[in-house]
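Contents: one structure, followed by commentary.
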Amino acid sequence: MRRFAGWMLMIVVATNLTYFLAWGFLDPRNNYVGRRPPLSEDQIVQLLQPRDLSDTVPLFERWWSWFSGIIFRWDWGVSPVGQSVNEQVAYRMWVSAELVLGATVIATVLGIALGVYTASRQYKLADRIGQATSIVTMNINIVVAALGIVLLAIGFNNMVGTTVFFVTGSASPDVTGFFPTIIDALQHLILPTIALVIIGYAGTHFLQRSLLLDNINADYVRTARAKGLTKAQAIRKHALRTSLIPVATQVAFTIPTVFMGAILTESIFGWNGMGRYFLETIAKNDIHGTVAIAAFGAVLTAIGALLADIAVVVLDPRVRVS
């Protein structure tokens, strides 16, 4: 509870600091510059002032109107063009979660499995092939991976004469029914998931392999083998559990990435998630949207930190005893 209270205080401070910083760098007036017919100064003020985005109002008054709206109504404001920030975040965070959650789970499981497999076969052919493959995939840029997968998918669609994989968008607008909707979602989801897994599993693989190699030769593992356990049993029951602690901590801190989205991946595959929303808020001088994204990321980081603590307690009996 103390840690939770500390995180909440930090989130409030960071969010309000972001608000003032955003006003120092973003100008909502720019959204109306160059319009035809041009808008007068009074017209711009009349559009921005009801949205708490007019610089004709003192900054403290703007801040208090925005902050009190969050406290009393959970209203994070509107963009310079009148879009509700609450609605945008509520919709887009699940789009990003749909895109990144599956890829994160698959990449984590694959990385841990490869780490265990290659560590138990250190310097053998399987270990060298696994390391070489991971080094290559780790250094592939997401843009290269995504565009390569798109080209392969288009070629496959042309070869079979039908659309098996969709390369843009998160769903088709004219699909109805439970099973058709699921199939359509999978057709849109497969390609970006593959792209994210390809570039994401290698880090977990190398971390798990390195940690497991450190623990395989530890005294408690040798003692377990001396008592009659096979190497595989000693690794699974003793070495793996200890080496999973840093990996679990790292995975817990990827929660902000899951819901904040992958900016380049969303842009390439045309998903309207949090990553693209972040770019839009900056491009459109959307102060309220930018601050909401920063606050959302801070909350997810706090959740990840608390889950990391819980994971350590679950995996390490010494922490429970202490």
Side-chain angles (χ1 to χ4, degrees), residues 1-23 52 60 62-77 84-105 107-109 111-112 200 203-204 207-208 211 241-263 273-275 277-278 281 286-322:
M1 291 302 296
R2 284 197 304 268
R3 290 178 67 84
F4 177 78
W7 274 104
M8 290 303 298
L9 178 61
M10 188 187 70
I11 290 169
V12 172
V13 173
T15 302
N16 284 277
L17 179 61
T18 304
Y19 180 85
F20 291 106
L21 290 173
W23 269 109
D52 297 319
F60 182 79
R62 279 176 270 156
W63 167 80
W64 175 245
S65 178
W66 166 81
F67 191 55
S68 61
I70 296 173
I71 295 174
F72 300 116
R73 302 186 304 275
W74 196 245
D75 181 6
W76 286 80
S84 169
V85 173
N86 290 46
E87 293 178 0
Q88 290 293 319
V89 173
Y91 166 72
R92 290 173 181 265
M93 71 177 184
W94 295 114
V95 173
S96 291
E98 181 184 354
L99 172 64
V100 185
L101 182 59
T104 301
V105 172
T108 300
V109 173
I112 292 174
T204 304
L207 177 62
Q208 183 64 75
L211 293 168
R241 185 167 185 171
T242 304
S243 63
L244 275 175
I245 294 174
V247 178
T249 302
Q250 175 182 277
V251 172
F253 277 100
T254 62
I255 290 178
T257 305
V258 171
F259 284 90
M260 293 300 288
I263 295 176
M274 291 293 288
Y277 183 51
F278 172 70
T281 57
D286 184 356
I287 292 173
H288 293 158
T290 302
V291 177
I293 292 173
F296 185 64
V299 170
L300 294 177
T301 303
I303 293 174
L306 296 174
L307 290 178
D309 290 342
I310 295 172
V312 171
V313 172
V314 171
L315 292 171
D316 195 344
R318 297 170 297 179
V319 177
R320 293 197 297 272
V321 172
S322 64

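It should be emphasised that the depicted structure is a prediction, and the values quoted were computed from it without experimental measurement.
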- request: To the nearest 0.5 Å, tell me how far L306 CG sits from T301 OG1.
  value: 11.0 Å

- prompt: Where do V314 and R241 come nearest, in terms of heavy atoms and distance?
  reply: O-NH2, 3.1 Å

message: Nearest 0.5 Å, please: how far is OG1 in T249 from CG in L244?
response: 10.5 Å

field: Least distance between heavy atoms, A292 atom then V85 atom
entry: CB-CG1, 3.4 Å

task: Would you give the length of the straight line joining atom CH2 of W63 to atom CZ of F20, rounded to the nearest 0.5 angstrom?
output: 6.0 Å

- prompt: About how many Å separate CH2 of W7 and CD1 of I303, when rounded to the nearest 0.5 Å?
  reply: 11.0 Å

- prompt: Can you name the nearest heavy-atom pair linking G200 to A107, along with the distance?
  reply: C-CB, 4.1 Å

statement: Of I11, V12, V13, the one forming a side chain to side chain contact (heavy atoms under 4.5 Å, CB included) with T15 is I11

field: Any donor-acceptor pair under 3.5 Å from R62 side chain to D52 backbone
entry: no

- request: Rounded to the nearest 0.5 Å, what's the gap from CD1 on I71 to CH2 on W66? Could you check?
  value: 9.0 Å

task: Have a look at I293 and tell me which of M274, R92, H288 forms a side chain to side chain contact (heavy atoms under 4.5 Å, CB included) with it.
output: M274

- line: dist Y277:OH -> D286:CG (nearest 0.5 Å) comes out at 5.0 Å

message: Quick check against the 3.5 Å criterion: does T18 have a side-chain atom that pairs as donor or acceptor with the backbone of A294?
response: no

Heavy-atom pair of closest approach, residues A308 and A252: N-CB, 3.7 Å

message: Restricting to non-hydrogen atoms, name the atom on F253 and the atom on P256 that form the minimum distance, rounded to 0.1 Å.
response: O-CD, 3.3 Å

field: Flag, side chain of T281 to backbone of F278, donor-acceptor distance under 3.5 Å
entry: yes

- request: State, to 0.1 Å, how close L315 and A248 come at their nearest heavy-atom pair, and which atoms those are.
  value: CD1-CB, 3.9 Å

